[in-house]
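These numbers were taken from a predicted model, which means no experiment stands behind them. In the text below, chain A, chain B and the rest are named by the order of the sequence lines, each starting its count at 1. Below, all heavy atoms of this structure are taken into account, side chains as well, without hydrogens, waters or symmetry copies.
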Amino acid sequence: MAYWLMKTEPDGFSIDDLAERGREPWDGVRNYQARNFMRDAMRVGDEVFIYHSACKVPGIAGIGRVAGDSYPDPTQFDPDSKYHDAASKPEEPRWWLVDIDYVRTLRRLIPLTELKAMPAMEDSPLVRRGNRLSILPVTGGQWRAVLAAEKNKVGS
DNA sequence: GCCAACGTTGGC
DNA sequence: GCCAACGTTGGC
């Protein structure tokens, strides 16, 4: 069982949207490293931090779970989609995705500023300046540290 | 809205 | 295969 973090822009798709839908195909990822994580490394049952980026208070908002094996992202073959990729062939798809199940929303959002201050997160690409990776691995220690932080300062 | 950092593209 | 130009990400 591995842990991951997946970024989303809450203006487009937030943890609340995931809660409403229950399950969501994580489409539109167009970065090779992030794609490799979904296509090759993620396993059914892996748990995922859902991270809100490019918003007023970026941070970890909730938890999801990998719902199934990876499969080709259908939006790459859809000319009407903003994720359309004319260079990708159905017999050799370039972009892959996994479905993510909603697990729960954290009792409070753990802001990036707080993550940066956590010793456990020091080695995470997430807190490194200029990091643009939208899917990244999380260690067991990092996972536990964030959940421990969730219990602090409730309602503050 | 700004802009630094980064990944990708394409000319050579 | 180099690398400048370009487009995008994402914190601030």
Side-chain angles (χ1 to χ4, degrees), chain A residues 2-21 24-42 46-64 66 70-100 102-139 141-143 145-150 152-153 156:
Chain A
Y3 299 108
W4 305 93
L5 180 145
M6 298 172 105
K7 294 181 187 174
T8 183
E9 298 189 14
D11 292 346
F13 186 84
S14 71
I15 188 69
D16 293 337
D17 296 316
L18 183 60
E20 254 177 50
R21 297 196 208 180
E24 183 72 7
W26 215 259
D27 59 18
V29 172
R30 295 295 180 266
N31 168 283
Y32 288 106
Q33 205 177 346
R35 176 210 63 184
N36 290 348
F37 285 138
M38 286 200 285
R39 190 188 61 182
D40 307 329
M42 287 180 147
D46 282 359
E47 290 191 284
V48 181
F49 282 140
I50 305 299
Y51 177 92
H52 285 174
S53 69
C55 56
K56 199 169 178 189
V57 185
I60 295 172
I63 296 175
V66 178
S70 61
Y71 59 95
D73 181 344
T75 63
Q76 71 194 303
F77 304 124
D78 178 2
D80 296 329
S81 171
K82 62 175 172 173
Y83 302 124
H84 181 235
D85 183 351
S88 182
K89 302 276 173 285
E91 60 273 19
E92 197 183 344
R94 178 178 292 178
W95 306 111
W96 296 67
L97 56 71
V98 294
D99 288 356
I100 296 296
Y102 175 77
V103 174
R104 71 180 181 90
T105 302
L106 295 192
R107 289 153 68 196
R108 64 184 187 95
L109 181 131
I110 314 297
L112 177 62
T113 50
E114 191 173 334
L115 296 172
K116 282 180 170 170
M118 292 169 48
M121 296 302 291
E122 258 173 27
D123 294 330
S124 174
L126 182 68
V127 300
R128 280 207 277 278
R129 186 149 165 265
N131 164 58
R132 301 175 55 181
L133 195 55
S134 61
I135 299 176
L136 44 116
V138 169
T139 68
Q142 290 165 356
W143 187 269
V146 171
L147 293 188
E150 180 193 12
N152 300 336
K153 303 192 292 186
S156 71

> Quick one: ring-ring contact (aromatic ring centres under 6.0 Å, His included) partners of Trp143(A), sequence neighbours excluded?
Replying inline: Tyr3(A), Phe49(A)
> How does protein contact run along nucleotides 5-10 of chain C, one letter per nucleotide 5' to 3', with B for base contact, S for sugar-phosphate only, - for none, heavy atoms under 4.0 Å?
Replying inline: --BBSS
> Whole Å only: how far is the CD1 atom of Ile60(A) from the P atom of dG11(C)?
Replying inline: 12 Å
Show me the donor-acceptor pairs within less than 3.5 Å that the side chains of residues 30-40 of chain A make with the rest of the protein, sequence neighbours left out.
from     : atom 1 : to       : atom 2 : distance (Å)
Arg30(A) : NE     : Tyr83(A) : O      : 3.3
Arg30(A) : NH1    : Asp73(A) : OD2    : 3.1
Arg30(A) : NH2    : Asp73(A) : OD2    : 3.4
Arg30(A) : NH2    : Thr75(A) : OG1    : 3.0
Arg30(A) : NH2    : Tyr83(A) : O      : 2.9
Asn31(A) : OD1    : Gln33(A) : N      : 3.0
Asn31(A) : OD1    : Ala34(A) : N      : 2.9
Arg35(A) : NH1    : Arg94(A) : O      : 3.0
Asn36(A) : ND2    : Tyr32(A) : O      : 3.4

>> Students often get this wrong, so: under 4.0 angstrom with heavy atoms, is Lys56(A) touching a base, only sugar-phosphate, or nothing?
In response: nothing
> Thinking salt bridges, do Arg21(A) and Glu24(A) make one under a 4.0 Å N-O criterion?
Replying inline: yes
>> Main chain of His52(A), side chain of Glu9(A): is a donor-acceptor contact present, judged purely on distance under 3.5 Å?
In response: no
> Roughly, in whole Å, what's the span from CG in Leu109(A) to C1' in dG11(C)?
Replying inline: 14 Å
> Okay, side chain of Gln142(A), backbone of Thr139(A): is any donor-acceptor separation there less than 3.5 Å?
Replying inline: yes
